[in-house]
Amino acid sequence: MSSEKPEIPNSLNEHWMPFTSNREFKENPRLITEAKGVYLKNHQGQTQIDASSGLFCNPFGHGREEIINSITNQLRKLDYAQPFQQGFGGSFELATRISKHTPGNLNRIFFSTGGSDAVETAIKISIAYHKARGQGHRFRIVGRERAYHGMHIGGTSVGGMINNIKTFASVLMPGVVHMRHTHLPDHKFISGQPETGAELADDLERICANFGSENISACIVEPIAGSTGTLVPPKGYLQRLREICDKHGILLIFDEVITGWGRTGSPFASQEFGVTPDIMTIAKATTNGIVPMGATACKEEIYDTIMEASPKGTIELFHGYTYSGIPIAVAAALAVQDIIEKEDIFNRAKEMTPYFQEGLMSLKDLEAVDNIRGYGMMGGIDMKMDKKPGVAGFTTFKHCYEAGVNFKATGDCLIIAPMFICEKKHIDEIIEKLRTGISNYSKSKKN
């Protein structure tokens, strides 16, 4: 990476930053200026290791020439093609290649511009499907506490992050009911699936009894809840959800925006856990995070039902985006598909998992750590609460940033999700710098 001193913006005032303590940040900014491989460089010239693959979206490494060249070549040939009533060949090729990895017959792919859009699409498709079957009264969606499904109104409604729901309660979707989350007090320092808690899936059965299963369109869950701290499902939990959905004619939606494309060691977590949903959302790693893109994969019978309910020559689903499957995003995603195949990415992630999980659990001796959990190439480190929720997590994040390790923190949880291209030496570096940063946080509290 370049050793030249980067230019610093002459004003930080105008940009209203997302999910950021704006006032604190602008007093002491953290600006990333370069990225290559598994490393980042900040505006102070410090090199950091990327321990969360950006926001789970760069697992194949920064600065991949294959993706850059694919995008560049596409822009020279075709920069944009409107996606309504016309298209271009690349999006069809990409849909076919994605369908080779999706579970079961989830072979109908609807493109959007990110994870939030993919979730909105999944919700709309579930409603449209039941309406096409003459069951338009199915309007309720079941979500889960401590879930994150993006920041659109639909995704915020079915999600279970308290601050999101409290802030926007007045505009949320009606008819949404939440199951309890699966993170139990006895799930301490567990690598892999907890043995207890599968019975929490029966919350869906209780909701069916209380609200009428005939009124429920879909149940949406993340196989592993990522943004709220890597909450791994108990053994048998997802299987029980599948059984209840089948019993009551409810569509099961898996949000695999984070777990998709190898994070668990399988192409998708649904395959890892042996449960096939009816609809699945995909984003982030689809383009290695370089161009925004989302996708919603549906079972063929869902697509066929909606198609057959409308006369030929009419629009079957009134839904779409200006940037659905645009050439530049498709070019990036096709290059990613090539990387997945050439570098045997899924097996690479699966083989690195035991080493990463062992390293993660080695931090449990640190006095400020309250809990650690993980699955595949993702993990969560809970810090002991300090004064109020979020203080310990954010302060530890800043100490780790100074120690040269970069990741995402949510509340008091440090979320670690290394790139799939990591070697053992990179895992060692992540763990070593996490230990340094967390230890420095503990020392700062004593001073």
Any carboxylate oxygen within less than 4.0 angstrom of a Lys/Arg side-chain nitrogen, looking at D278 and R242? yes

Quick one: do Y375 and F273 satisfy ring-ring contact (aromatic ring centres under 6.0 Å, His included)? Show the steps, please. CA-CA 11 Å; Y375 194 102; F273 296 129; 5.1 Å; yes

Check whether any side-chain N or O of S157 sits under 3.5 Å from a backbone N or O of L172 as a donor-acceptor pair, and report yes or no. no

Nearest heavy-atom approach of C208 to I250 is SG-CD1, 3.6 Å

Between S191 and Q357: side-chain donor-acceptor atoms closer than 3.5 Å: yes

For atom CZ of F211, decide whether the heavy atoms of other residues, nucleotides or ligands shown that lie under 6.0 angstrom number more than 12. yes

Quick test of your reading of the model: are R64 and E343 salt-bridged, counting only N-O distances below 4.0 Å? yes

So CD1 of I220 and CZ of R144: to nearest 0.5 Å the spacing works out to 10.0 Å

Given M378 and I258, is the side chain to side chain contact (heavy atoms under 4.5 Å, CB included) satisfied, shown in steps? CA-CA 10 Å; M378 59 191 301; I258 286 174; 4.0 Å; yes

Check F60 against A285 and note the closest heavy-atom contact, atom names and distance. CE1-O, 3.5 Å

Quick one: does any side-chain atom of N215 pair with a main-chain N or O of R138 as donor and acceptor, under 3.5 Å? no

So, does E120 use its side chain to make a donor-acceptor pair with the main chain of G155 at under 3.5 Å? yes

Identify whether NZ of Lys or CZ of Arg in K424 sits under 6.0 Å from the centre of the six-membered ring of Y355 and within 45° of that ring's axis. yes

Partner of C219 under side chain to side chain contact (heavy atoms under 4.5 Å, CB included), chosen from L204, D203, I253, V158: L204

Has the side chain of Q48 got a donor or acceptor atom that lies under 3.5 Å from a matching backbone atom of Y401? yes

Answer with yes or no whether the side chains of S217 and S126 bring together a donor and an acceptor at under 3.5 Å. yes

Report yes or no: is the cationic atom of K350 (NZ for Lys, CZ for Arg) closer than 6.0 Å to the six-membered ring centre of F346, at no more than 45° off its axis? no

Salt bridge (Lys or Arg N to Asp or Glu O under 4.0 Å) evaluation trace for R146 with E222: CA-CA 10 Å; R146 287 190 69 164; E222 301 158 275; over 6 Å; no

So, taking the atom named CD1 in I431 and the one named CE in M361, what distance separates them when rounded to the nearest 0.5 Å? 10.5 Å

On a heavy-atom basis, which atom in I421 and which in G61 lie closest, and how many Å separate them? CD1-CA, 3.5 Å

Validation row: T276, P103 side chains within 4.5 angstrom (heavy atoms): yes

How close do V336 and N288 get, heavy atom to heavy atom, and via which atoms? CG2-N, 3.7 Å

Any side-chain heavy atom of R30 within less than 4.5 Å of one from N42? no

If we check side-chain hydrogen bond (donor to acceptor under 3.5 Å, both in side chains) with Y39, which of these qualifies: E429, E34, H62? E429

To check you understand the geometry: which heavy-atom pair defines the closest contact between S70 and A331, and what is its length? OG-O, 2.8 Å

Reported CD-to-CG distance for the pair Q337 and L94, which is rounded to 0.5 angstrom: 6.5 Å

Using modelled atom types and a 3.5 Å cut-off, is there a donor and acceptor pairing between side-chain atoms of T410 and backbone atoms of S227? yes

With distance as the sole test, does H426 use its side chain to make a donor-acceptor pair with the main-chain N or O of E423 at under 3.5 Å? yes

Measure the CD1-CD1 distance between I302 and I279 for me, rounded to the nearest 0.5 Å. 4.5 Å

Which residue is it: I98, T102, T96? I am looking for the one with a side chain to side chain contact (heavy atoms under 4.5 Å, CB included) to N107. T102

So, E272 versus S266: side-chain donor-acceptor pair below 3.5 Å or not? yes

Shortest non-hydrogen pair, G437 vs C400, comes out as CA-SG, 3.8 Å

Are the side chain of T230 and the backbone N or O of G379 linked by a donor-acceptor pair below 3.5 Å? yes

Tell me if the aromatic rings of Y321 and H319 count as close, with their centers under 6.0 Å from one another. yes

Take atom NZ in K398; do more than 12 heavy atoms of anything else shown fall under 6.0 Å from it? yes

For the residue pair E205 / H248, report whether a side-chain donor-acceptor contact shorter than 3.5 Å exists. yes

For A118, does its backbone N or O pair with a side-chain atom of T296 as donor and acceptor, under 3.5 Å? yes

E358 atom CD, over 12 foreign heavy atoms within 6.0 Å: no

Any F356 side-chain heavy atom under 4.5 Å of I416 side chain: yes

Quick check: does any side chain N or O of N22 sit under 3.5 Å from a backbone N or O of M17, one acting as donor and the other as acceptor? yes

Side chains of I340 and F420: closer than 4.5 Å at any heavy-atom pair? no

Is F397 atom CZ crowded by more than 12 heavy atoms from other residues, nucleotides or ligands, each under 6.0 Å away? yes

Output, in order, the C-alpha distance, side-chain angles, deciding distance and verdict of salt bridge (Lys or Arg N to Asp or Glu O under 4.0 Å) for R97 and E341. CA-CA 11 Å; R97 294 186 70 177; E341 293 175 10; 3.2 Å; yes

Do Q193 side-chain atoms and P233 backbone N/O form a donor-acceptor pair below 3.5 Å? yes

